[in-house]
Number of protein chains: 2
Amino acid sequence: MATEKRKRLQKNQGEAVRVSDVARLAGCSTATVSRVQNTPDLVSAETRERVQAAIRALSYMPNSAARALRSNRSRMIGIVIPTLNHAIYASLVDAAQQRFASEGYSLLVATFDYDLDREKEQTAVLIERGAEGLVLVGECHHPEFYPMLAAADIPYINTYVFRPDGAHPCVGIDNRQASFDIAEFLYGLGHRTFGVICALMEGNDRAATRVAGVREALARHGIELDPSAIIERPYSIPSGREALRVLQALIPRPTAIICGNDILAFGALIECHEMGLAVPNDISIVGFDNLDFTAHISPPLTTMDVPAKEMGDGAARFLLDTLKGRTTMRKIRLEPQLIARRTTAPVPGLIFPVDLRKAVD
Amino acid sequence: MATEKRKRLQKNQGEAVRVSDVARLAGCSTATVSRVQNTPDLVSAETRERVQAAIRALSYMPNSAARALRSNRSRMIGIVIPTLNHAIYASLVDAAQQRFASEGYSLLVATFDYDLDREKEQTAVLIERGAEGLVLVGECHHPEFYPMLAAADIPYINTYVFRPDGAHPCVGIDNRQASFDIAEFLYGLGHRTFGVICALMEGNDRAATRVAGVREALARHGIELDPSAIIERPYSIPSGREALRVLQALIPRPTAIICGNDILAFGALIECHEMGLAVPNDISIVGFDNLDFTAHISPPLTTMDVPAKEMGDGAARFLLDTLKGRTTMRKIRLEPQLIARRTTAPVPGLIFPVDLRKAVD
DNA sequence: ATCATTAATGTAATGGATTACATTTCTTTG
DNA sequence: CAAAGAAATGTAATCCATTACATTAATGAT
């Protein structure tokens with residue numbers, strides 16, 4: 001009675017149906033009600049039916065806090081990403097969410113805007129909330145990050161990266177290899193002078209790894225990538241434009257521009273139009289991610305397809321399996337794919353007469 | 001001892017620091033520890049200091065399930081959106097997340113892909129998880145949706161819509177007015193024949209409202225929008241292209257195309273290029289949302305700017321205030337803004353000689 | 001100096017579902 | 001048919017932080 005009165009005062013429920021109410025209506029104990037929900041096989045068919053009817057009749061909703069407290073299972077997963085403003089992360093989250101939802105898990109989302117301190121803090125919050133697993137992005141985190149996960153003994157997986165030799169579960173692409181392949185592709189087209197436009201590398205190991213891949217590929221052919229040909233810029237179209245202008249001022253001028261993502265590449269492409277540079281005849285441009293729009297711009301962008309949805313889904317499956325106690329592959333390699341569209345062509349000198357090149361200057 | 005052994009077997013903690021541990025180390029009661037965390041003003045400065053030191057020393061993390069159970073506060077908010085694959089929702093979520101995080105709340109994200117049944121289910125899950133408030137999208141939900149919220153007595157707010165007369169808290173734009181304004185703008189440019197490309201209206205009241213706004217504006221000028229001039233298509237560039245082709249087959253041919261979002265508009269624009277239609281000289285196109293890329297395509301897209309971040313932030317502030325017991329404005333109107341770029345121009349006949357129009361056919 | 005407040009802290013009940021363990025009922029088999 | 005084992009259900013302890021209420025200490029007013 002006093003209890004009821006207090007509850008009425010609380011914001012939430014005027015009645016708050018509990019297991020005990022269901023049990024009373026179904027004529028059984030609370031244990032049985034609980035079993036119907038969690039281990040239905042242990043309950044006889046009739047009883048189960050009766051309990052379920054009672055649940056429906058009272059529209060009973062278990063109190064997850066109580067459940068989580070006792071069972072030590074929150075049915076929540078945390079995902080910690082740099083930002084939702086990049087389509088690639090958004091669709092990764094979307095895919096993960098769908099997979100988790102299909103198994104009755106909810107997703108707690110936190111962002112850290114490439115600030116590794118914030119990533120650590122936000123992750124700590126999710127752990128405190130009782131997340132049973134974590135989906136992360138990248139391999140490099142705050143120095144205290146992995147120790148924190150170990151202390152919490154919480155399963156996690158790094159997305160967007162693949163390191164066969166690494167210590168951590170991961171699902172993603174080999175960024176080094178992918179950008180290595182891009183550089184090789186361009187080298188194969190005859191390009192010898194390269195410019196790189198990459199995302200800010202602070203707090204973003206993918207960006208750094210991609211640059212490394214390019215540098216490595218070129219080094220194999222005896223080409224050294226000058227630091228001044230690596231332009232690091234925020235994720236935006238204007239940044240890409242500006243970066244291209246910087247690269248075009250270089251001597252010798254790069255004939256091929258490798259971009260760390262499609263947004264920067266799009267900016268670069270626009271700036272080429274603006275400067276009167278013909279793409280791909282005067283200059284080749286390659287993006288990364290294969291965002292939807294890249295196939296439709298003019299000319300369609302050559303880019304590296306990143307299977308973002310598969311990453312999100314794969315990460316979710318890995319955690320789900322792990323939580324079920326199944327042993328699964330801890331490292332899942334996804335294959336990116338170079339989509340050669342129309343912003344890449346053989347280096348100008350190879351196919352065009354020299355005078356035509358000059359005409360552009 | 002038995003307790004400890006059991007814990008060791010459980011997946012989670014080998015030690016599990018609890019309030020009682022902190023209390024023991026700090027030499028006070030658990031109540032005091034709890035007060036240090038929740039109502040620090042009630043604790044003397046020295047004691048507080050001592051407790052905080054103990055918390056740090058043990059790196060104590062409160063068990064949120066226990067806290068939520070007892071206090072009936074989960075410190076979680078739910079957000080239920082159609083999909084994260086549309087930039088506009090992603091950035092809404094991003095903004096909301098940041099605001100919530102700054103106040104110590106975590107965000108549970110669920111998607112429903114425009115399926116109102118799933119929206120209801122997913123929302124029920126979030127309520128069950130103990131979400132203290134809900135951020136929603138749109139005004140129209142499943143018939144049992146609002147009753148469910150009322151039964152749970154949970155604060156919520158509809159984003160993306162503004163209805164001064166509606167029964168529900170909301171933060172967003174007046175979609176009807178916005179598209180009304182677009183139609184007016186085009187009418188003012190002399191256009192009299194219109195085509196509309198809109199998103200799928202099922203489970204999407206914004207799309208429907210926008211079409212209604214156009215229809216209404218035109219009706220005022222005695223123009224009836226023929227149903228065959230309203231093309232409903234999924235959110236994708238190819239859809240926009242195809243829709244434009246359909247509209248171009250109409251007789252009389254529309255000189256102005258009003259699109260429900262920028263992606264469809266972009267598709268329409270591309271198809272114009274493909275068909276050899278000059279934009280804006282032969283045909284005007286208007287988008288909706290003002291996504292980043294629209295300013296950079298060629299020609300830059302005329303579109304309606306939607307303050308998505310403000311919506312996310314505003315929704316978060318509203319719920320935060322409401323949870324704090326403050327009374328706030330329940331309906332927040334945000335002003336969209338027509339950004340007239342270069343895909344709109346006076347109707348061909350007005351400025352171009354007729355023969356030039358014909359030349360395009 | 002004394003009583004009334006206020007501040008600071010402690011004790012113990014509480015939230016609601018789960019689950020270890022106990023008990024009863026039903027099969028099965030020798 | 002009895003005994004053993006399995007199946008079904010019940011009883012009650014448990015998860016851990018919060019908070020109502022009680023108690024003590026400190027402050028202030030008269």
Side-chain angles (χ1 to χ4, degrees), chain A residues 1-13 15-24 26-51 55 58 60-75 128-130, chain B residues 1-13 15-24 26-51 55 58 60-75 128-130:
Chain A
M1 196 165 60
T3 305
E4 250 184 88
K5 201 177 290 172
R6 185 164 343 106
K7 212 166 285 156
R8 244 171 259 278
L9 292 177
Q10 275 179 341
K11 56 170 166 276
N12 226 343
Q13 54 277 63
E15 3 67 77
V17 182
R18 301 195 294 286
V19 255
S20 54
D21 300 313
V22 176
R24 195 175 326 114
C28 66
S29 72
T30 61
T32 298
V33 174
S34 179
R35 279 190 283 256
V36 168
Q37 310 241 288
N38 301 295
T39 49
D41 300 340
L42 299 184
V43 181
S44 73
E46 315 121 80
T47 311
R48 203 186 313 144
E49 203 45 67
R50 213 155 13 93
V51 169
I55 286 175
L58 301 172
Y60 165 70
M61 259 189 185
N63 177 316
S64 326
R67 169 190 294 222
L69 174 59
R70 185 64 238 258
S71 67
N72 210 22
R73 300 194 45 201
S74 65
R75 302 221 133 242
E128 188 176 323
R129 295 272 181 269
Chain B
M1 198 164 55
T3 304
E4 249 182 272
K5 200 177 290 172
R6 185 165 342 107
K7 213 167 284 157
R8 243 170 261 278
L9 292 177
Q10 275 181 345
K11 57 169 167 276
N12 226 344
Q13 55 276 64
E15 2 69 78
V17 183
R18 301 197 293 287
V19 256
S20 54
D21 301 312
V22 175
R24 195 175 326 113
C28 66
S29 72
T30 62
T32 298
V33 174
S34 179
R35 279 191 278 261
V36 167
Q37 309 240 287
N38 300 295
T39 48
D41 301 341
L42 298 185
V43 181
S44 73
E46 315 121 81
T47 311
R48 204 188 310 147
E49 203 46 66
R50 216 155 11 94
V51 169
I55 287 175
L58 301 172
Y60 165 69
M61 259 189 185
N63 177 315
S64 324
R67 171 191 292 223
L69 174 58
R70 185 63 239 260
S71 68
N72 210 20
R73 301 195 45 201
S74 65
R75 302 219 134 244
E128 187 175 323
R129 295 272 181 268

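Side-chain atoms are counted along with the backbone in the values below, which use heavy atoms only and exclude waters and symmetry mates. So that the names make sense, note that chain A is the first sequence line, chain B the second, and so on, each numbered from 1.
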Quick check: closest heavy atoms across [X] and [Y], and the distance to 0.1 Å?
X       : Y       : answer
B/Arg50 : B/Gly27 : NH1-O, 3.9 Å
B/Ala65 : A/Ala68 : CB-CB, 3.7 Å
B/Val22 : B/Val17 : CG2-CG1, 4.3 Å
A/Arg48 : A/Pro40 : NE-O, 3.3 Å

Between protein and nucleic acid, restricted to nucleotides 6-9 of chain D and to nitrogen or oxygen atoms under 3.5 Å apart, what atom pairs and distances do you find?
unit_1 : atom_1 : unit_2  : atom_2 : d
D/dT9  : OP1    : A/Ser44 : OG     : 3.1
D/dT9  : OP1    : A/Thr47 : OG1    : 2.3
D/dT9  : OP2    : A/Ser44 : N      : 3.0
D/dT9  : OP2    : A/Ser44 : OG     : 3.3
D/dT9  : OP2    : A/Thr47 : OG1    : 3.4

side-chain N/O [X] vs [N] OP1/OP2, d < 4.0 Å:
X       : N      : answer
B/Asn38 : D/dT18 : yes
A/Tyr60 : C/dG16 : no
B/Ser71 : D/dT18 : no

Original post:
For the atom pair OG (B/Ser44) and CD (B/Glu49), what is the distance rounded to the nearest 0.5 Å?
Top reply: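 Separation between the atoms: 10.5 Å.
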Practice problem: Kindly compute the distance separating CG (A/Asn63) from CD (B/Glu128), expressed to the nearest 0.5 Å. | Solution: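 Result: 9.0 Å between the selected atoms.
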[X] [atom1] to [N] [atom2], straight-line distance once rounded to whole Å:
X       : N      : atom1 : atom2 : value
A/Ile55 : C/dA17 : CD1   : C1'   : 12 Å
A/Glu46 : C/dT25 : CD    : C1'   : 13 Å
A/Leu69 : C/dT14 : CG    : P     : 17 Å
B/Asn72 : C/dT14 : CG    : P     : 17 Å
A/Arg73 : D/dT14 : CZ    : P     : 23 Å
B/Arg70 : C/dT14 : CZ    : P     : 9 Å
A/Arg24 : D/dG10 : CZ    : P     : 14 Å

List, one per line, each side-chain donor-acceptor pair under 3.5 Å for residues 31-39 of chain A, sequence neighbours excluded.
unit_1  : atom_1 : unit_2  : atom_2 : d
A/Thr32 : OG1    : A/Ser29 : OG     : 3.4
A/Ser34 : OG     : A/Asn38 : ND2    : 3.3
A/Asn38 : ND2    : A/Ser34 : O      : 2.9

Could you pull out all residues at least two apart from B/Arg129 that satisfy side-chain hydrogen bond (donor to acceptor under 3.5 Å, both in side chains)?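 Partners of B/Arg129 by the side-chain hydrogen bond (donor to acceptor under 3.5 Å, both in side chains) criterion, ordered by chain and then number, come out as A/Ser106.
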Sequence neighbours excluded, which residues qualify as side-chain hydrogen bond (donor to acceptor under 3.5 Å, both in side chains) partners of B/Ser20?
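side-chain hydrogen bond (donor to acceptor under 3.5 Å, both in side chains) check on B/Ser20 returns nothing, list empty.
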Quiz prompt | Residue whose nearest DNA chain D nucleotide is more 5′ - B/Pro62 or A/Thr30 | solution =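 Nearer the 5' end of the strand: A/Thr30.
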Take the C1' atoms of the five end pairs on each side of the helix from C/dA1-D/dT30 to C/dG30-D/dC1, derive the two axes, and give their angle rounded to 10 degrees.
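For the helix from C/dA1-D/dT30 to C/dG30-D/dC1, the axes at opposite ends meet at about 30°.
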### Upstream residue (5' side of DNA chain C) when B/Ala65 and A/Gln37 are each assigned their closest nucleotide
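Upstream on the strand: B/Ala65.
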Notebook entry, point to check: If you take atom types as modelled and just measure distance, does the side chain of A/Arg67 reach the base of C/dT18 with a donor-acceptor pair under 3.5 Å?
Noted result: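 Such a pair does not exist between side chain and base.
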